[in-house]
Each structure stands twice: as C-alpha cells, then as structure tokens.
Protein chains: 2
Amino acid sequence: MTERDVPPKPHTVTIYDVARRAGVAPSTVSRTFSRPGRVNAVTAARVRRVAAEVGYRANPVARALSTARTNMIAVVILDIANPFYAEIVRGAQAAAAAAGYTVVLADAQESDWLERSTLERAVTAVDGIVLASSRMSDLAIRMISKQKPVVVLNRGVVDVPCVVTDNARGARLALEHLSGLGHEHVTYIAGPEASWADGMRWSSLRESAAKLSVRLRRLGPFAPDVRGGVQAAEQFVAQPTSAVVAYNDQLAIGLVRSLITRGIGVPRNVSVVGFDNIAAADLVTPGLTTVAAPLYAQGITATRHVLTMIEGGRDRTGQPAVLPVRLVVRGSTAAPHRSLDPPRPGRGVTTSSP
Amino acid sequence: MTERDVPPKPHTVTIYDVARRAGVAPSTVSRTFSRPGRVNAVTAARVRRVAAEVGYRANPVARALSTARTNMIAVVILDIANPFYAEIVRGAQAAAAAAGYTVVLADAQESDWLERSTLERAVTAVDGIVLASSRMSDLAIRMISKQKPVVVLNRGVVDVPCVVTDNARGARLALEHLSGLGHEHVTYIAGPEASWADGMRWSSLRESAAKLSVRLRRLGPFAPDVRGGVQAAEQFVAQPTSAVVAYNDQLAIGLVRSLITRGIGVPRNVSVVGFDNIAAADLVTPGLTTVAAPLYAQGITATRHVLTMIEGGRDRTGQPAVLPVRLVVRGSTAAPHRSLDPPRPGRGVTTSSP
DNA sequence: CTGAAAGCGCTAACAT
DNA sequence: ATGTTAGCGCTTTCAG
C-alpha cells in the first residue's frame, strides 16, 4: 500500500551523481558544500540546484573518514535522571550547534565502569569530550585527555582543562547569609566523598565559619539525591542545629521534606540552604534558598572550550576557569527561633572545627 | 612538562600496523575482529595479542563507511528536563548496548523546529531512530520513516511502527479506583492538545465514566509540567469535584501542591491520580496515586524493535505494540469527604458527558 | 583458512 | 576556478 515496499535498492545519491548531472567534476560538488567561495558563484548555484533536485545529502561518515573529524562531541553525565545536568546539557547543545557540532549524550548511570566503557567506545567516534562531573580517577581522565580534547566540569584535574563554579564564594555567601540572620551553629550535610565540589565546599565553609565566628559541624557523606537527604535528616535530628547547608539542592530538599514530616518547621526551627539552584528548588515548599550555579553557562563554556581545542587552540592547561555564583534567597531560611536553636545553650561561642 | 606536548604526529595505529607486526594480511586482522570463527584460532590469538600490544583500536568511522552501519541509534526526546524520559532512555540504552549499539540522545527542547533540524542531521548518521514522543506531524514522521527505521513511542502513527502503553486500561483502572472509593464526580486535567496520549486517556475516561456512572468533566489543555498543574488548580477551585485524574504526574503534582497551598486537603477534600509514575510521584507528600507506565520497558521495547528493523526484520507496520500498565495506589486518593464532595448535591446521579 | 585487490563517499593536494 | 588523482581505515568479494 505504501511506496516504501517497492524500492529494494536504496542507492544513495553521491557526489558523483550530482557531478555528472551538473556537468562538473566531483571535487567541484564537494567544494560547493564544504568550501563555498572557492567555486564560481553560478557554478555553485547550478550544483546546489541539481543537488536539491536529486535529493543529494552528504554522507557524514565518508566526510568524517577523510577529514578525521566527526563533528560530534560527547557530553558525559552521571545520571540522566538528575535535573542538575539538564541545563548543562542544554548549554552544551547550544554551543555545539552554533559551531556545527552534534552532541552525543552519554549517561554513565553513576557507574564508574559504565562511564569508562562508554567513553572507551565514544572516544574514537567524537572530536572532543565534556565530562560533566565524572566518577573516574584523575589518572583515567588525564589518560583519555591525551587522546582527545577533554574538559572537565565541576572538578579540578591537574593537567586537564576544567571549568568550575566559584565554590569558595558560594560557601561564603551561604554562611554570611545564615550568620547575618543570626545563626551561630550550622551543620554541613556532605555529598559523596569522591566529589571534588564537596571538598571545596566544606573547606570553604570552614574558612568562612572561622571568620564569621559560627560553629560548623559536618554530617555525611550522603548520596546526592533526595533519598540521601532523608537519611541525613535521621542523623541530623539526633543533634540539630538552627541552620544547615547541604551539598546540593536534592539533598536539601530531601532533608527539608523529612524534617517537616517529623514536625520540625523549616525555616521556623531550621534554616536550610542548598547548592545548584535546580528547577525544583523553586517548586518545593518552602522555596529553597540556594547557591545558584550558572548551569547553562557551564555547558556553554565547557563546550566552547573543547571546540577551541579541537580547532587547534592550545589547551591552556592552566588554572581552571571559574564561573560566578550567586545566592538565591527563598523561603527556607529565616532568623533562628531562639527556643530551639542552640543544642547546648551557653556553650556555643565561636570557632569552627579545627 | 607533560608528555603530551611532544608527539606532533599522533599516527593512529591501523590494521596494517597490526598485520605487519603479526605477520599476516590486513584482511586477517579485520576478520579476527569482525568475523571471529573465520580465522584460525592460534592466528587469531596472535593477532589479538599484537593488537593489544600496539594499542590498536578499530576506527568506527572507517568501519561505518565500508559497512554502511554506524551502530548508533538516535533517541529523540522532547525535553531532557522531563523526568519522564529518564527511564525510557535508560531502557533504550540498555537494549542498544546489549546489541552493540550506541545511543545518541537528541533533545528537541519542546521545539518542533529543533526536532526536525536535529533529526535532519542525525538521520544520515544513525542506523535507526526512536521517537520518544514527538511534536512533529504524522506526515513528517512518516517521511523520515521511509529513510531509516523509526519507531514511535507513546503515539500512534499510521504506517509507522509504534509502541504505546495501554491508556484505555489505565484510564479505566483510575476511574474504577476512584469510583470504588465512592467518588461520583471527577475532573480530568488535560495535557497538550497535540498529545496523542491525552486524546486516548480522555476518550477512555469517558467510556469508563459511562459504565461506572460517574460524572466526568474536563479542564484544559495545560502544559504537561508542574507549572501547568498550578494553573489547572486555579480553574479547578472555581468549581471543584471530589476527585481528579491528571494527564500526567507532573500536572498532578503541581495541582496537589497548589491545592494544599490554598488550604484544600489532599486526599481529605480532593483525591488526585496521575499518569506515568515518575520517580517524584513517590517523593511528594502525599504520595501520588498514579497509573504506572513501564517506562524502562518502553525504552527496551522500542529500541529492540528498531534494532530488529535495522537487522533486516520486516517492519511489522501493523497494530502498535501496547504495553501493560498498573495502578499504583498511594496517599493522594481516599474516600470522599461528604461535606465538600458534590458541588451540587442531590443532582449528581449517573451518566458522563455524551 | 588466508592473501590480494577493489571499493565505501568524500576531501585534499596537485595540476591545469 | 576546475579537473585529476590519491587516499582516509576498514570490510569484502574473489582467488588460492
């Protein structure tokens, strides 16, 4: 019934078909598409017309073989279900598209092994790679970075170009906000041990805590998702503080939800601030105060960077590019409720942990 | 300082290098990898050893050019930020990987135009395509389906293989559940007009309503996200019913949230059931009762199907494959609270809309 | 079972 | 500005 049952011979139209029908050499057809300007305007026009008529479509594979460029870059993410990556991917896609590149998304599903094997296959087929958070070792990353242009997001790896957010400033902003509100004792809900960002956030928090005279405590590590936040709540309620900073928004959201379920008010009894500013941060109740990361910009920046490297630009393996952050204040933070605040009143004075 | 500054000649190791070093013909090396069995066991072993030694890695592009198979399939999704697709993609990836294929994820960003242009480029570079919900017209889909194997998810398109969920049964289950609880008047919060699934759900709901003697009303269309649910709430509260069925979980979640904010209890005053059973359905409070779609299975099924078509299998363009659904009952549904239930008591008796 | 040779479709020097 | 001629790295007949 449909026409598609008929043609058993899907002979692809090649450059030669067009060349013959247009009365020019194959190379001219090629040039018309890949090197416009190096061909007479009217000839080019004719070629294009014929190409359109016969429905010619350049075979990207053949082109790739001869140019050694696939015009694809791989963006590796840890978990496609994590909303954190959505904006990053969008940015990457936008930057890539603008340069004529296609993004191949690889979901590592939080598995170091899967990430490596996926990359193993991909590395040969793409021109560059953006690692949007990686579970691989620095060594492994450095290794593949020797084969293809690689830039790492949200993590510092020696000898490999990186783009990170200003975790130090973010941590400071969060703590200053809390301190300004009157909180003197805050808990940090840590993310995965292997997370570079977690380390940065914690150490910056410690520094700021010292300066601001707030006592800081750490709980964790926890999985960086809502479930992890629920677990964190269990430990937290044992000896609560009036404020908490969580490794990321999902952890914070899980914590808040669990706290509320237990009858502990947010921000009435506990103020919570997260990191990242994922879309959900604005949807939960109360809205989550969080350190906003320029997700889209991260994707753009990282991708532009690989693109530059691909085009021959020197991989300025210097300091990582650091993107600015800002504090988005929503409903999850408020001045402490004296009655429930200091677990051990009269004792809390200054200093953070050593 | 690093070794990578030295080699200005990244000469790739080819089949020829291996062949020479192993003392066999290039074709033998090729066979060793692509056609094992057609080569003497010990020769093969030697080749493999040498290959490993020199770090040979087959160039997928060259292979693709000569075989006309890229071993990649494209999975097109509407919105990477929509959690609905996460599991589908996982399933697709699993099925693809099992068959030695790589998934290229294309995010259409809810844009018909972007979807088409992306596909335009991808179609030449992949062996098959899975359209996990598409905004394109049936005609456009049918068009590309003539160039490459395509299977459509969650939508019926004539002459194109599809895999859908049992919307009819899902709608029935939802309504039976509500009816069984004692609800006699339910509102359907509709999704996008262009959604095939929305049409199916609505018509099935109508049928079931007639049989169960529940009065059914429709509100919408609304964007299929949390924000849409919030909007729906505004209209809903004007003339509420004791129960509502939403086009999808996100809409339901937005509705519930908004209702609670307005002081309307769920399920105390209004029972809500969604569709899809996305991860968040189990995380919100109260948990969302929903018609669970076998997301992962959808991805698997659709992908296996394209794979079959790619391998030459006849594209059984018959009836769409329909996957089973089940009702997951959580906290968002309960027996109606007589006091607030029928907007106009004494009137509600039977029949649904025509 | 293994060699030799002919491309896959396109681009990239060389020539003209 | 356009035509010619080699390949890119791999698979695949076709012989031996």
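The basis for the numbers below is simple: all heavy atoms, side chains too, and nothing from hydrogens, waters or symmetry mates. Just so it is clear: chains get the letters A, B, ... in the order the sequence lines come, proteins before strands, and each one is counted from 1.
- Remark: side-chain polar atoms of B:Asp127 are not paired, donor with acceptor, to backbone N or O of B:Ile73 under 3.5 angstrom.
- Listed for the A:Arg135 side chain is no donor-acceptor partner under 3.5 Å among the backbone atoms of A:Ser111.
- A:Ser27 and A:Arg31 share a donor-acceptor pair across their side chains, judged by distance under 3.5 Å alone.
- As a whole-Å value, the separation of A:Arg46 CZ from D:dA1 P is 15 Å.
- With hydrogens and angles disregarded, no donor-acceptor distance shorter than 3.5 Å links the side chain of A:Arg90 to the backbone of B:Ala81.
- Checking B:Ile141, B:Val164, B:Val160 one by one against B:Arg155, the side-chain contact (heavy atoms from CB on, under 4.5 Å) holds for a single residue, B:Ile141.
- Axis angle, first five pairs versus last five pairs of the helix from C:dC1-D:dG16 to C:dT16-D:dA1: 30°, rounded to 10°.
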Exercise for review: Begin with the C-alpha distance, continue with both residues' side-chain angles, and end with the deciding distance and a verdict on side-chain contact (heavy atoms from CB on, under 4.5 Å) for A:Met143 and A:Met136.
Suggested key: CA-CA 11 Å; A:Met143 212 72 126; A:Met136 296 190 296; over 6 Å; no
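- In this model, a donor atom of one side chain and an acceptor atom of the other lie less than 3.5 Å apart for A:Glu115 and A:Ser134.
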Between the protein and nucleotides 8-11 of chain C, list every N/O to N/O distance that falls short of 3.5 Å.
residue: C:dC8; atom: O2; partner: B:Ser66; partner atom: N; Å: 3.3
residue: C:dG9; atom: OP1; partner: A:Thr12; partner atom: OG1; Å: 3.1
residue: C:dG9; atom: N2; partner: A:Ala62; partner atom: O; Å: 3.3
residue: C:dC10; atom: OP1; partner: A:Tyr56; partner atom: OH; Å: 2.6
residue: C:dC10; atom: OP1; partner: A:Asn59; partner atom: N; Å: 3.2
residue: C:dC10; atom: OP2; partner: A:Ile15; partner atom: N; Å: 2.7
residue: C:dC10; atom: N4; partner: A:Tyr16; partner atom: OH; Å: 2.8
residue: C:dT11; atom: OP1; partner: A:Arg63; partner atom: NH1; Å: 2.5
residue: C:dT11; atom: OP2; partner: A:Ser30; partner atom: OG; Å: 2.7
residue: C:dT11; atom: O4'; partner: A:Ser66; partner atom: OG; Å: 2.5

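- In this structure the side chain of B:Leu105 never reaches within 4.5 angstrom of the side chain of A:Val89, judged on heavy atoms.
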